[in-house]
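What follows is a set of notes on a single structure, which appears directly below.
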Amino acid sequence: MSHLRTEVHGGVGEIVLDRPRALNALDQSMIDEMTAVLERWGDDDAIDTVLVTSSSDRAFCAGGDIRAVRESVLDGDAAAVEAYFESEYRLDQLIAEYPKPYVAVIDGAAMGGGLGISVHGEVRIVSEKALIAMPETAIGFFPDVGSTYFLPRLPQGIGMWLALTGTRIGGADAVAIGLATHFVPSSAIPGVVEAIRHGAPLREALEDHRGPVTTELPLRKIAEYFDDVSVAGIIGGLRGAVGDDWADEMLDLLTTGSPTSLCVTARLIEEGAESSLAECLDRELAAAVRITAHPDFAEGVRAVLVDKDRSPAFCPATVEDVAPEDVAAIVP
């Protein structure tokens, strides 16, 4: 059964993500089908704009189908793991290089792989219902789908903060830091989407939603504590912030992540700051194959997505115990 619906309205091709029970998590069939549709529409002179929406009122796309990846890992099928990530990253690259306007409408959760099929596009519409995060370190993985390219290009410290802590931010926050392009109240989204469907120029359809947004993100603190490529250094700085409740909260979030994943993530973001998107995706693919073979991945997915006890037994248990050579084995 297909989990995508496609519709063409004049010169607008619409892809509707339609796997609501799984919050539109991208399984292999969705990735393959979306890639085929975009490739076909990219060469179709009758299609001027691509619009990506969701049938779910809860999520745009909650990420990749990590449970299926874990099953492949437990079955010892490394080829299936590599094939999944290779196809997902190829889709992300296709979107980043798409020859026509690509519009993603995020009126719910967008995490992990959901950012891969939105942030790389030209127009990213968010509402107050948008919930955006890269929570991969909690499952023994790392923020991927090209995030090691776009996260280090956000304002000072923000990319590292989002990547390491998995903090969830709202739609206005996403616009303020550059992950999204337009904030549209959820009540106004149907009208904007309908205008785009009927061929209204994007500038006209979004004319009333170009104003500045406000954010309550503690940008100064993020820059102070997370403008570093050393996880140990970041943790040390936060521990030294005696009496700072925000710093304590960040330390708590960091303890939920796999120490190995935290160190691998920091390394990938450091490398990504000086790399092209294609180079980042190539590096992520190699790292994805290696880190999913690490015991923390199967354990993290078990704790968060399978048994949902939120009590993973990561090994090593602390960042201080992560050996540099173990990080280098995943990100040479």
Side-chain angles (χ1 to χ4, degrees), residues 17 23-24 51-54 56-63 95-96 101-136 143 145-147 149-196 200 202-227 244-247 249-250 253 269:
L17 305 175
L23 301 180
N24 293 333
L51 175 66
V52 184
T53 61
S54 166
S56 168
D57 60 1
R58 297 175 57 200
F60 172 74
C61 173
I95 292 168
Y102 178 101
V103 183
V105 181
I106 302 172
D107 191 29
M111 300 185 184
L115 296 185
I117 60 169
S118 56
V119 171
H120 295 298
E122 181 178 339
V123 178
R124 291 94 67 190
I125 298 169
V126 291
S127 75
E128 73 278 8
K129 290 170 56 180
L131 186 65
I132 292 171
M134 297 294 291
E136 285 81 1
V145 297
S147 70
Y149 175 80
F150 63 74
L151 287 178
R153 287 162 176 79
L154 298 181
Q156 187 178 16
I158 289 176
M160 190 69 78
W161 169 66
L162 290 173
L164 296 182
T165 66
T167 297
R168 300 179 176 191
I169 63 172
D173 299 328
V175 174
I177 64 175
L179 281 177
T181 58
H182 297 80
F183 180 86
V184 178
S186 185
S187 60
I189 280 188
V192 168
V193 168
E194 199 62 21
I196 294 172
L202 293 176
R203 178 174 294 277
E204 178 182 313
L206 294 164
E207 186 63 38
D208 295 334
H209 307 286
R210 296 181 177 275
V213 297
T214 58
T215 177
E216 296 183 1
L217 292 178
L219 300 177
R220 182 188 60 79
K221 287 188 177 184
I222 293 170
E224 178 181 355
Y225 292 116
F226 285 87
D227 189 26
D244 187 329
D245 291 342
W246 183 84
E249 181 184 350
M250 294 306 104
L253 287 174
I269 289 179

>> The test is side-chain contact (heavy atoms from CB on, under 4.5 Å); show your working for L162 and I177 and say whether it passes.
In response: CA-CA 11 Å; L162 290 173; I177 64 175; 4.0 Å; yes
> Should D208 and V184 be marked as a side-chain contact (heavy atoms from CB on, under 4.5 Å) after you check the CA-CA gap, both sets of side-chain angles, and the distance that decides it?
Replying inline: CA-CA 9 Å; D208 295 334; V184 178; over 6 Å; no
>> Between Y102 and I117, is the side-chain contact (heavy atoms from CB on, under 4.5 Å) condition met? List the steps.
In response: CA-CA 10 Å; Y102 178 101; I117 60 169; 4.0 Å; yes
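Within 6.0 Å of CZ in R203 there are 12 or fewer heavy atoms belonging to other residues, nucleotides or ligands. Under a cut-off of 6.0 angstrom, the local environment of CZ in R58 is sparse, with at most 12 non-hydrogen atoms contributed by other residues, nucleotides or ligands.
Counting heavy atoms from C-beta outward, I222 and M160 have side chains that stay 4.5 Å or more apart. Counting only heavy atoms from C-beta outward, the side chains of P185 and H209 approach each other to under 4.5 Å. Inter-residue side-chain proximity for L23 and M111 is flagged as unmet; no heavy-atom pair is nearer than 4.5 Å. Between V119 and V145, every side-chain heavy-atom pair lies at or beyond the 4.5 Å cut-off. Residues L151 and P143 meet the side-chain proximity criterion, which asks for heavy atoms closer than 4.5 Å.
For the residue pair E128 and F183, the shortest heavy atom distance occurs at N-CE1, 3.4 Å. Between G116 and I95, the shortest heavy-atom distance links the atoms O-CD1, 4.2 Å. Nearest heavy atom pair, residue C61 against residue N24, reads SG-O, 3.2 Å. The two residues E122 and T181 make their nearest non-hydrogen contact at O-CG2, 3.8 Å. When all heavy atoms of A172 and V213 are compared, the pair lying nearest together is O-CG2, 3.4 Å. Nearest approach of I189 to S127, heavy atoms of both residues: CD1-CB, 3.7 Å.
A donor-acceptor pair under 3.5 Å is formed between the side chain of R124 and the backbone N or O of L179. Y225 contributes no side-chain N or O that, together with a main-chain N or O of G157, makes up a donor-acceptor pair within less than 3.5 Å. A side-chain donor-acceptor contact under 3.5 Å links S54 to the backbone of A59.
Distance check: I269 CD1 to Y149 OH gives 14.5 Å after rounding to the nearest 0.5 Å. Atoms CZ and CD, from R220 and Q156 in turn, are 12.0 Å apart once rounded to the nearest 0.5 Å. Atom NZ of K129 sits about 10.0 Å away from atom OG of S187, to the nearest 0.5 Å. Here the straight-line distance linking atom CD1 of I169 with atom OG1 of T167 works out to 9.0 Å at 0.5 Å rounding. Rounding to the nearest 0.5 angstrom, the gap separating the CG atom in D244 from the CE atom in M250 is 9.5 Å. One finds the CG atom of D227 at 10.5 Å from the CD1 atom of I158 (value rounded to the nearest 0.5 Å).
Paired with I125 under the rule side chain to side chain contact (heavy atoms under 4.5 Å, CB included), one option of V192, L202, I106 passes, and it is V192.
Under the 30°/60° scheme for interplanar angles, the aromatic rings of W246 and W161 are found to be tilted.
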